[in-house]
Amino acid sequence: MLISMATFEHLPVRIGGLAEAVTSLGESLSKSEKVMIFMPAHGLLHDEETNFSYKPEKYCDFRIMVGDRIYPVTVYQTERKGVRIFLFSSEVMDNPSVYEPREMFISKMVHFTKAVPGFINMMLKKERQKPDVIHINDWHCVFAGSLVKKYFKIPFVFTIHRLCHERISVHELNEVNLSELVDPRYLEGDMFNIEKFGGHHCDHLTTVSYSYLNEEWRTFFSTFEGKTTYVWNGTDFTFWNPEFLENASLPRPERRKLLLKDNGFEDGVLFFNVGRLDTEQKGIDSLLEAFEMIMNKKVPGSEQIRDKMRFVLLGSGDQFLENEAKRLEQQFPKNMKSIIAYLGREATREYYGSADFCLIPSNFEPFGLVQLEAMCMGCIPIGSRVGGINDTILDLHDFPEECTGRLVPPRNPTALARAMVEMAQMSLQDNKTQELNKMRLRGREHVIKNFNWDKAAERYIQVYKNMATIKLPFISYAEPY
Ligand code: NHF
């Protein structure tokens, strides 16, 4: 099968989890199928640091019409780990900024929409073959998928990694002569809902977890029942492996002691959070509130153990949250540190491999990578009972024998604070050490067995072949697939 995937992010271009997901899926699919990635060049042609197998080479050029102007497009080909990567270049698609500012991004999307079917025409000419499927990742590439389906009769699979409810005006589409895409069914006033359009025009619609599909069933997915399902992402457990830690041979508590010392702390129970500091999705406001409640002894049990609790926040984002974190750090210097930076994968791995618990307080999370990375590294996740976090963590109270972490209701700082105190208490009891260590080991096994990219690839192939199970509105699945 010749699979083509269109995306705005693929490593080394990474804004969020989308890049990791598409890159890893491509690699796994390529073990059994031929895979091609289509992406705007985003300035990569002038970047010496890419980890492609060879410098991108010109594959073809052609011209596209946007409004009343004609733009030359060149498509470059390169390769990474057995996947053919096609970088689409034009004066607009070469802009290194991926999504900002909006006006530039919309023009990039328009160029890409027209260039992808243009490229397939060229491919037919050069190779006498065309993809068997086009897999569109997120709304940015939906229009390209729909034109490819219309002009080349290629099945169109649409994966929503996160619903954005993004809209574009009819006027904007008319101006760039894409009025053929305007579908009156998805007009909201003068605006046009791109994800709904994609849901209607695709052959199969997928999202990245069972819980997210259900959470958004009424608001979105039910409109497309009959062709909607979910495919869990995986994680790269070969990289997220405790064997690669700097002090891999030391027992975990020793590593923690060293890491805490490096951060200017005495030893204690270490909780940490990594990622974007935002309120809307990541719920960092709830996390800071939970921490403050514990420090102010507002949670039962916190008086006895608050002095032993250590809390590190790794990441950057909303100014308000960064300031809040700094305020708490000043107020509780023996317990809290915020590192407003992205440390890189290796340094982050050291935290996963030394901390006791990882906090993932998201308000919603289509899939989420952090809880899986944590489990791979033996760090026990405490996460919100939403989306992919709910699907991947087995809770201590729900599954006493199989548990891999703790789940708490979202947007509930009190519940989060209580769970943190409960887990800190467990950590400080000698007779619970074995139970916690088992949980750490089970976490890694659970991820390797159930959330690996080969398994995801296998299920996507079923989707491409129209052979995957579908969410039936009248059946409540006892067990996801
Ligand atoms: O893991 C990749 C990622 C998800 O939950 C994440 C999200 C965006 O919000 O599928 O996409």
Side-chain angles (χ1 to χ4, degrees), residues 5-11 13-29 37 39 98-99 135-142 157-166 194-195 198 204-216 219-221 228-237 239-240 273-284 315 317-318 345 348 358-376 381 383-393 405 407 410 447 450-453 455-457 459-460 463 480:
M5 296 212 281
T7 177
F8 260 54
E9 290 182 45
H10 183 284
L11 292 180
V13 176
R14 183 192 193 280
I15 308 294
L18 173 63
E20 310 269 348
V22 176
T23 309
S24 303
L25 175 63
E27 269 170 51
S28 282
L29 285 168
I37 302 286
M39 180 172 79
V98 179
Y99 300 120
H135 183 175
I136 295 302
N137 290 274
D138 275 351
W139 62 274
H140 328 107
C141 306
V142 154
V157 173
F158 177 25
T159 293
I160 293 185
H161 292 262
R162 178 195 153 154
L163 271 169
C164 292
H165 306 287
E166 195 58 45
I194 303 179
E195 282 158 337
H204 294 282
L205 176 64
T206 76
T207 190
V208 289
S209 72
Y210 177 70
S211 291
Y212 189 63
L213 177 61
N214 284 308
E215 284 158 22
E216 297 291 347
T219 52
F220 184 80
F221 291 107
T228 301
T229 192
Y230 67 101
V231 183
W232 281 317
N233 286 346
T235 193
D236 179 2
F237 53 84
F239 177 85
W240 302 106
N273 167 270
V274 56
R276 185 159 37 93
L277 303 186
D278 103 328
T279 304
E280 188 211 354
Q281 181 177 0
K282 301 292 174 187
I284 301 300
D318 293 357
R345 286 175 107 205
T348 307
C358 180
L359 302 163
I360 313 114
S362 305
N363 297 328
F364 66 93
E365 195 64 75
F367 188 73
L369 290 173
V370 172
Q371 76 279 10
L372 297 180
E373 292 166 0
M375 285 189 275
C376 281
S384 304
R385 204 180 271 281
V386 292
I389 304 176
N390 185 37
D391 287 7
T392 54
I393 296 179
L407 287 168
V447 175
N450 300 305
F451 302 102
N452 63 70
W453 281 110
K455 203 164 172 176
R459 182 151 164 90
Y460 274 115
V463 173

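Position 1 is the first residue of the sequence; numbering continues from there. We count ligands from 1, going down the list as the structure has it; atoms in each ligand are counted the same way.
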| task | Report yes or no: do Thr229 and His204 form a side-chain donor-acceptor pair below 3.5 Å? | result |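 There is no such pair between these side chains.
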Strictly by modelled atom types, are Glu216 and Thr219 linked by a side-chain donor-acceptor pair under 3.5 Å?
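Side chains of Glu216 and Thr219: pair found under 3.5 Å.
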What one should report as the nearest heavy-atom pair of Glu20 and Arg14 is OE2-NE, 2.7 Å
- prompt: Short N/O distance, under 3.5 Å, between Val208 and ligand 1?
  reply: no
Check: N/O to N/O below 3.5 Å, does that happen between Leu18 and ligand 1?
Finding: no
Among all protein heavy atoms, pick out the one at the shortest distance from [atom]; state its residue, atom name and that distance to 0.1 Å.
{"atom": "atom 6 (C) of ligand 1", "result": "Glu365 OE2, 3.4 Å"}
{"atom": "atom 1 (O) of ligand 1", "result": "Gly368 N, 2.9 Å"}
{"atom": "atom 7 (C) of ligand 1", "result": "His161 O, 3.8 Å"}

Could you label the plane-to-plane angle of the His140 and Tyr99 rings as parallel, tilted or perpendicular, counting under 30° as parallel and over 60° as perpendicular?
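Correct class here is tilted.
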- prompt: Using the ring of each side chain (for Trp, its six-membered ring), is Tyr460 parallel, tilted or perpendicular to His135, with breaks at 30° and 60°?
  reply: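 Because their plane-to-plane angle lies in the 30° to 60° range, the rings of Tyr460 and His135 count as tilted.
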Going by the 4.0 angstrom heavy-atom rule, the piece of Gln281 near ligand 1 is side chain
| said: Check this for me: does any side-chain nitrogen of one of Arg162 and Glu365 sit under 4.0 Å from a carboxylate oxygen of the other? | reply: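 So Arg162 does not pair with Glu365 through a salt bridge.
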Closest to atom 2 (C) of ligand 1 (heavy atoms only, candidates Leu25, Leu163, Asn233) is Asn233
